[in-house]
Amino acid sequence: MAFYSRVSGSVGMITLQNPPVNALSAAVRQGIVDAMHRALSEPEVKSVVICGQNGKFCGGADIGEFGAKMTGPPLVPMVHLIEAASKPVVAAIEGIALGGGLELALSCHYRIAHSKARLGFPEVALGLLPGAGGTQRLPRLIGVPASLDLITTGRQVTAAEARQLGIVDEVTDLNAVDAAVKFAQSVADKSLDARRISTYPCPRPPDLDTIFERAMQQVRRSARGAIAPGTCVQAVHAAVTLPYAKGMERERELFSVLFNSGQARALQYYFFAQRAVSRWSTASGARWDTSKPRPVHKAAVIGLGTMGRGITVSLAQAGFSVVAVETQEKQLSEAKQAVSGMLERGAKRRGVPLAHDKIKYSCSVQAVADVDLVIEAVFEDMALKKTIFQQLSAICKPGALLCTNTSGLDIDELASQTQSPELVVGMHFFAPAHVMQLLEVVYGPRSSPEAVATAMQMGKKMGKVSVAVGNCRGFVGNRMLKLYLEQAFFLLEEGATPEQVDQVLEEFGFPMGVFKVSDLSGLDIGWKVRKADGLVSPAFTGTSARIRGGSRYSPLGDLLCEQGRFGQKTGKGWYQYDKPGGRVAKPDPWLFGFLEDYRAQHGLVARRIDHQEVLERCLYPLINEGFQILQDGIAAGPEDIDVIYVLGYGWPRHRGGPMFYASQVGLDKVVERLEHYQQIHPDVPGLQPCRLLRKLAAISNPAIHKWREVIQKPRSQL
Ligand SMILES: C[C@H](O)[C@H](C)C(=O)SCCNC(=O)CCNC(=O)[C@H](O)C(C)(C)COP(=O)([O-])OP(=O)([O-])OC[C@H]1O[C@@H](n2cnc3c(N)ncnc32)[C@H](O)[C@@H]1OP(=O)([O-])[O-]
């Protein structure tokens with residue numbers, strides 16, 4: 001709601017009250033409208049101030065209301081009521097003025113912001129555009145180029161930048177509400193004719209067409225299939241080419257197109273999913289709200305390779321004291337240099353002080369005796385990791401958490417090397433660890449709720465989005481990825497090319513297709529894992545060359561590695577590059593010949609494979625494995641899987657994530673297509689729809705937020 005009061009005798013105060021971010025719910029909108037009418041009707045009131053409770057002005061429209069039938073006064077008439085008011089209305093902006101919150105402020109005649117406030121139009125990140133006049137008022141106030149930047153990127157600006165752009169009239173370090181009240185009194189008798197932004201002419205820079213062409217090209221380049229950014233450009237264009245009222249009609253048309261789009265639903269689902277994963281639970285019933293994290297002030301990192309360096313930087317930037325251990329002298333000095341460079345660049349980019357002094361380097365594991373938490377990040381070798389966990393268990397102080405950055409090895413096997421297996425969890429970072437936002441927190445059957453809570457909280461403090469998942473081979477992300485990669489290899493065997501498969505996946509919205517990603521991360525990484533799993537051996541020749549454990553297997557990746565084609569790092573992989581370390585992938589004629597010889601050798605006949613088949617065969621088995629993971633209790637809900645795939649594997653956010661995408665396609669359709677391909681490829685178990693998927697498809701595709709009710713049923717009933 002919105003609370004009305006009178007302050008300083010002549011100022012009507014309207015306070016938004018809807019914690020935590022004073023979103024413009026139906027009740028808040030009704031409160032504002034009622035309060036405005038009251039303020040305008042009270043003769044003693046000469047001016048009005050609008051502010052938000054708890055030091056936050058307004059986080060915009062209530063996203064939680066988008067899925068329901070609209071009630072209460074609509075936003076547009078509300079902002080018109082404020083702008084048309086006969087008494088000056090001043091917005092007192094503290095904390096945030098985002099989306100509809102900034103539109104509310106732009107409908108006021110003056111804006112006073114606290115120096116720590118952030119302002120912006122994040123609607124594009126929700127698959128929308130500013131639909132309460134933002135696309136028509138902002139260009140009139142600050143011009144076209146700056147408006148296109150803010151509205152198509154959704155970036156937030158500081159109060160200082162907002163002042164410089166002309167969005168706010170004053171910035172104060174003092175209490176912005178008090179400042180606004182004083183300001184409101186000072187303008188009580190001033191004319192408002194020049195303060196109603198909708199009446200302003202929209203500036204027409206001479207190179208207007210070029211500006212819009214460039215903006216449209218820019219958003220097309222970065223949008224990767226998302227429709228909102230381009231639609232935002234169209235809406236701002238209406239502000240320049242149409243009178244205000246017509247422009248508002250155009251804004252409303254474009255807004256409703258986006259509002260009713262699948263992409264908007266996917267992005268709004270993802271908005272809440274990314275917040276839901278912090279409310280974690282484990283298969284054994286431990287939960288976020290009943291598990292107390294242990295305090296961590298000092299942490300250690302063992303192994304300063306690429307991942308260890310990134311984790312060290314991320315810990316130091318988060319303010320932790322860090323002991324960084326690398327037993328190889330040469331590696332240690334190289335790591336020191338690399339970490340310093342990353343810290344300097346990070347500090348410059350974020351305008352924060354350097355965190356060099358936070359890190360102590362050592363080449364002895366003994367140095368970690370007094371830390372609260374250790375993250376082991378050595379080479380992905382079980383025997384080596386076991387030795388280190390035995391050492392740590394002997395050296396570390398009682399109660400210290402022992403974490404591993406393994407990307408798929410058995411957490412519980414490592415825990416069994418220690419005196420306190422309950423203090424062992426996985427903290428699986430993604431490369432580069434100081435940049436990628438995702439952290440998979442992996443709990444074993446003996447990990448204590450406190451250990452999980454501590455690792456989850458560490459992730460939050462390091463600016464990560466932490467997702468709690470159970471211990472299994474490859475955890476969630478890599479376990480599902482295996483099915484995706486497997487099908488990509490099979491498609492090459494059957495006639496596709498890496499370019500064709502990658503193009504389909506990039507058109508779907510992935511930043512890079514599966515084969516370009518494989519070249520980037522290095523084919524040898526997967527090769528080592530397959531070797532460790534006993535899938536690669538000279539014994540597999542002739543008819544057994546393409547069978548493992550009775551199931552179909554493609555040795556294509558192994559064969560490329562045997563020829564030293566590890567991808568970008570060797571200048572050759574699925575593509576060729578101008579030199580080792582090259583970044584630009586070019587089709588390699590050698591590979592076409594190699595695939596033809598391979599098919600001939602194994603009696604395979606290439607066939608034309610269409611776009612839809614490539615997409616379905618790459619995505620549906622991955623999705624099916626996601627359901628298997630939910631069925632096994634490794635992930636608590638679809639949100640966990642979707643957040644992992646969007647933040648860790650480049651799944652396009654405007655598609656919500658693999659599980660949300662499946663709910664949009666229709667689970668019965670996914671089952672039907674999997675069964676179709678399984679009939680053709682009976683030797684591929686990953687095409688067999690799992691029980692949970694069949695169950696949910698059978699109960700007529702329940703909405704994704706209803707899946708947990710089914711998942712939580714005892715496994716026997718699934
Ligand atoms: C016509 C008009 O043009 C259009 C149509 C619109 O206006 S569209 C709407 C445009 N507005 C936005 O896109 C802003 C979205 N919010 C944010 O970016 C951030 O929330 C934040 C404001 C910067 C605070 O970040 P935080 O890190 O301090 O806390 P949090 O954990 O994120 O959020 C704290 C809690 O508040 C909830 N919440 C936040 N913003 C919300 C909103 N706008 N509506 C509903 N709930 C919201 C959130 O789900 C979480 O709930 P819970 O998980 O605790 O149950």
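Just so you know, ligand 1 is whichever comes first in the structure, and atom 1 is the first atom listed for that ligand.
Less than 4.0 angstrom separates atom 51 (O) of ligand 1 from none of the non-hydrogen atoms of the protein. When distances from atom 27 (O) of ligand 1 to the protein are checked, no heavy atom turns up under 4.0 Å. In this structure, atom 16 (N) of ligand 1 has a protein heavy-atom contact shorter than 4.0 Å. Taking a distance limit of 4.0 Å, we find that atom 7 (O) of ligand 1 is approached by some protein heavy atom.
Heavy-atom distances between Gly134 and ligand 1 stay at or above 4.0 Å for every pair. Residue contact check for ligand 1: Arg279 places a non-hydrogen atom closer than 4.0 Å to it. A heavy-atom separation below 4.0 Å is found between Phe271 and ligand 1. In this structure, Phe121 does not count as a contact residue of ligand 1, since none of its heavy atoms falls inside 4.0 Å of the ligand.
Side chains of Glu103 and Glu123 form a contact here, defined as non-hydrogen atoms less than 4.5 Å apart. The closest side-chain heavy-atom distance from Pro88 to Leu192 is below 4.5 Å. Here the side chains of Arg653 and Gln274 are in contact, with some heavy-atom distance below 4.5 Å. Side-chain contact between Trp280 and Val441: absent, with no pair of heavy atoms (C-beta onward) separated by less than 4.5 Å. Side-chain contact between Val467 and Val476 is absent, with no heavy atoms from C-beta onward closer than 4.5 Å. Using a 4.5 Å heavy-atom threshold, the side chains of His114 and Val171 count as separate. The closest side-chain heavy-atom distance from Val144 to Ser147 is not below 4.5 Å.
Counting only heavy atoms of the protein, atom 35 (C) of ligand 1 lies nearest to Pro20 CG, 3.4 Å. Protein heavy atom at the shortest distance from atom 12 (C) of ligand 1 is Pro122 CG, 3.4 Å. When only non-hydrogen protein atoms are considered, atom 41 (C) of ligand 1 lies nearest to Val21 CG2, 3.7 Å. Of all protein heavy atoms, the one closest to atom 21 (C) of ligand 1 is Leu98 CD1, 4.5 Å. Among protein heavy atoms, the minimum distance from atom 11 (N) of ligand 1 is reached at Gly59 O, 2.9 Å. The single protein non-hydrogen atom nearest to atom 22 (C) of ligand 1 is Ile96 CD1, 3.7 Å, given as residue, atom name and distance. Here the heavy atom of the protein found nearest to atom 19 (C) of ligand 1 is Arg275 NH2, 4.0 Å. Annotation: atom 45 (C) of ligand 1 to nearest protein heavy atom, Asp62 OD1, 3.3 Å.
Below 4.0 Å from some heavy atom of Phe66 lie the following atoms of ligand 1, by number and element: 5 (C), 8 (S). Taking every non-hydrogen atom of Leu75 and a distance limit under 4.0 Å, the qualifying atoms of ligand 1 come out as 1 (C). Residue Phe272 has at least one heavy-atom neighbour below 4.0 Å for each of these atoms of ligand 1: 49 (O). The contact set between ligand 1 and Gly60, taken as ligand atoms under 4.0 Å from a residue heavy atom, comprises 7 (O). Close approach to Glu103 involves these atoms of ligand 1, each under 4.0 Å from a residue heavy atom: 1 (C), 2 (C), 3 (O). Below 4.0 Å from some heavy atom of Leu126 lie the following atoms of ligand 1, by number and element: 8 (S), 9 (C), 13 (O). Atoms of ligand 1 found under 4.0 Å from any heavy atom of Pro130 (numbered from 1 in listed order, with element): 3 (O).
Environment of OH in Tyr200: crowded, with over 12 heavy atoms of neighbouring residues, nucleotides or ligands closer than 6.0 Å.
Shown are Arg196, Gln136, Arg137; of these, the side-chain hydrogen bond (donor to acceptor under 3.5 Å, both in side chains) with Tyr244 is made only by Arg137. A ring-ring contact (aromatic ring centres under 6.0 Å, His included) with Tyr661 holds for exactly one of Phe508, Tyr645, Tyr269; it is Phe508. No option in Arg38, His37, Gln30 other than Gln30 meets the side-chain hydrogen bond (donor to acceptor under 3.5 Å, both in side chains) test with Asp34.
Ion pairing of Glu639 with Arg279 is absent here, as no side-chain N (NZ or NE/NH1/NH2) approaches a carboxylate O to less than 4.0 Å. Comment: Lys246 engages Glu249 in a salt bridge, judged by a side-chain N to carboxylate O separation of less than 4.0 angstrom.
Considering both main-chain and side-chain atoms, Gln156 never comes within under 3.5 Å of ligand 1 through any nitrogen or oxygen pair. Every N/O-N/O distance between Ala23 and ligand 1 stays at or above 3.5 Å.
Gln217 and Arg214 are not linked by any side-chain donor-acceptor pair at a separation below 3.5 angstrom, with hydrogens and angles left out of the test.
Between Tyr649 and Phe430, the distance separating the two ring centers is shorter than 6.0 angstrom.
With a heavy-atom cut-off of 4.0 Å, Ile63 touches ligand 1 through backbone and side chain alike.
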